[in-house]
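If you're wondering where the values come from, they're calculated on a predicted model, not measured in any experiment.
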Protein chains: 2
Amino acid sequence: MSTIKDVAKLSQTSVGTVSRYLNGYPIKTVNKEKIEDAIKCLDFSINPIARGLKTNKTYTVGILIPKLANLFSTSVIEGMDQVFDPLGYSILVCDSKNSLEKEKEKLRLFKDKLVDGIILMPVNNTEQHIREIQENGVPIVLIDRLVNNLQCDGVVSDNVNGVYQAVEAIINRGHRRIAIIAGPQNIYPAKERLEGYLRAMKDYNIEVDHNLIYQNELTREGGYQGIASFCAMDEPPTAIFTSNDETTIGAYKSIIERGLLIGEDISLFGYDQTELCQMVRPQISVVIQPLETIGKRSAEILISRMKGDYTGFPIINRLKTEIVVTNSVKTIY
Amino acid sequence: MSTIKDVAKLSQTSVGTVSRYLNGYPIKTVNKEKIEDAIKCLDFSINPIARGLKTNKTYTVGILIPKLANLFSTSVIEGMDQVFDPLGYSILVCDSKNSLEKEKEKLRLFKDKLVDGIILMPVNNTEQHIREIQENGVPIVLIDRLVNNLQCDGVVSDNVNGVYQAVEAIINRGHRRIAIIAGPQNIYPAKERLEGYLRAMKDYNIEVDHNLIYQNELTREGGYQGIASFCAMDEPPTAIFTSNDETTIGAYKSIIERGLLIGEDISLFGYDQTELCQMVRPQISVVIQPLETIGKRSAEILISRMKGDYTGFPIINRLKTEIVVTNSVKTIY
DNA sequence: TTGTAGGCGTTATCAT
DNA sequence: ATGATAACGCCTACAA
């Protein structure tokens, strides 16, 4: 590995001049050429570690997500990559495994590794450790979930209206007994999604039967159990809304196993597009979030913060969702 | 941000002693306590950038994959994380977007960022740029795909036998006209999977009709087109093997759209487990690769190489697959 | 516009 | 076992 000293020697200039060349300061053309030759000749490239020691910049951003292995995470990351990559930022990816402890630990790691910025999908509503990051002067952008009592930039999808539209579509097809498989109310999108449901029911003057609100973890198992719970009722719902991809899959599984026909015996509407929802017949109706855009927007905000531009803080970007309505929702007369 | 100088001052020792404490060398107990107090008091933590400048270690590994946004990639990465995380390594994740140019560029980035090691799923069979990495002394482990003419550690699944068993199972259910949707033969697993097919056919004395070998990109579109091609034949196959997750999905879609019943009108056997294959009725028969294990093993090998242990180089780990046979394959009498 | 030198926070080599 | 000090490779006053 050659250093700027070597380059200086070979080009018969000084380290100062080489460094200035490297950083785009004006130098004499003759020297410029000599230096460029030397760099090529030595296959020199700048050592970012040494540079970082001086500049306190690493051109690395940390991304922390509760679960890496799903389409949501990777799509979002892909969106971020589209922004960061051309600007020369690398991404350090970590998985908090849905554990607050892990989240704290990883955030500490980011701080130690001196990332220039952080994108975080927080595990829950706890804010103290995040605030500490901010106080350390490291910009941080939240995705998917905002945190109460914390002033922080964030990019989320418009959960309330997404679900509202879904429930509205269900109602418009004649349903009245509409159930929801909801998630823990201390998780931001879970809370919002339930709110969307409640608001739609209210606006259409349908009294909410609290037995039709099933609450559990937003996992496959949660979705599976939700269906079991509804099917055990004397008067089961005619349509069910599931609050995320995992619960949709679990619900689907349970419905199939019971030999029920979706769109016939029971109507189903999910949140998040998945392979399964698209390929199965009938296709499952879903609310679609703009995943890549979430990634892109969060990256863009982070970039401007890293440049020191804090206009409009805190920016909360609430991205619109789309709905795909299929005949997984029966039309009742 | 406090430094070891501050710690030394506060604890009334010297930077040397503090550094030695930090690196686990023996020091007097009194000093040890004083230093620990000072560290706590100052909330000191070591600056890995500065350390890296001296040690040429960053405790970061680079992971480069052709496409991040799918279950294969994330599962493998999750496996790696299980190994790296407890050892204090962070992972720099990059997407080569199936482009050799991007792969070269990212590999250069890794070199510049001074990662301690690299895990690479190569885009194709090109080896020169990988060899350069090796010559630079940076350990590298390949996953999923080996590269011809390159001595390099690698972890792959036993594609040949995986497909062999699948085709064997199809044959044992009475099929003779068995087709395969194969991939580009300059991609390692695609080549091996076709070989598994050919070998099984040969071993069971079934003459290969070359019209039943459809070759295309291993994409959804490829799978979709494959079915179209087979269905246009005078004497279509009774069973179809698809070479990866994407082609399976594409094939499934095409079959459904044609109104054909899987396991009845046509039999289907895929490679790689997906949501879809599990949830659909009938479930799709598949060859399952041990994804997390691929991640874990590759990480373990890389760790030992980074420690300087080069025993057995090059290690090629060929992991066994499993097959799940369902009635997506009809039994013919 | 240039070269020299000091410093970023560590580690490692000296004597002691 | 310890303290002082010279690196590591780069950036940036400073003086010229």
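- The nearest heavy atom of DNA chain D to B/R20 and to A/K5 marks one nucleotide each, and the one closer to the 5' end goes with B/R20.
- Residue-level contact check: B/T3 touches the backbone only, with heavy atoms under 4.0 Å from sugar-phosphate atoms and none from bases.
- In this structure, the nucleotide among D/dC10, C/dT11, C/dT1 sitting nearest to the side chain of B/I46 is C/dT11.
- Atoms CG (A/L22) and P (C/dT1) sit 18 Å apart, rounded to a whole Å.
- Side-chain contact annotation: A/S157 with A/Q289, donor-acceptor N/O pair under 3.5 Å present.
- Counting to the nearest Å, the P atom of C/dT13 and the CG atom of B/N23 are 13 Å from each other.
- For residues 77-95 of chain A, the set of pairs meeting the salt bridge (charged side-chain N to carboxylate O under 4.0 Å, His left out) definition, not counting sequence neighbours, comprises A/D81-B/K97, A/D85-B/K102, A/D85-B/K106.
- The CD1-C1' distance, from B/I39 to C/dG9, rounds to 14 Å in whole Å.
- Remark: A/K34 engages no residue in a salt bridge (charged side-chain N to carboxylate O under 4.0 Å, His left out) (not counting sequence neighbours).
- Evaluation of the side-chain contact (heavy atoms from CB on, under 4.5 Å) rule for B/D309 yields B/S304, B/T311 as partners, not counting sequence neighbours.
- We find that CD1 of A/I4 is positioned 13 Å from P of C/dT4, with the value rounded to whole Å.
- Under the rule for a side-chain contact (heavy atoms from CB on, under 4.5 Å), the partners of B/D112 that lie at least two apart in sequence or sit in another chain are A/S45.
- For the pair B/M1 CE and C/dT10 C1', the interatomic distance rounds to 14 Å; values are reported in whole Å.
- In this structure, the NZ atom of A/K9 is 15 Å from the P atom of C/dG3, given to the nearest Å.
- Within the nucleic acid shown, B/F44 comes within 4.0 Å of sugar-phosphate atoms alone, with no base atom in reach, counting heavy atoms only.
- In this structure, CD1 of B/I27 is placed 16 Å from P of C/dA12, rounded to the nearest angstrom.
- Distance CG (A/D6) to P (D/dC8): 11 Å, rounded to an integer number of Å.
- Applying the salt bridge (charged side-chain N to carboxylate O under 4.0 Å, His left out) test to pairs two or more places apart or on separate chains, none has a residue in residues 49-68 of chain B.
- Residues of residues 50-61 of chain A having a heavy atom closer than 4.0 Å to DNA chain C, listed by number: A/L53, A/K54.
- OP1 and OP2 of D/dA4 both lie 4.0 Å or more from every side-chain N or O belonging to B/S14.
- Across all strands, A/I49 comes closer than 4.0 Å to no nucleic acid atom at all (heavy-atom distances).
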*Going through the distances and angles, do A/E300 and A/R297 end up as a salt bridge (charged side-chain N to carboxylate O under 4.0 Å, His left out)?*
CA-CA 5 Å; A/E300 286 161 3; A/R297 282 299 299 135; 2.7 Å; yes
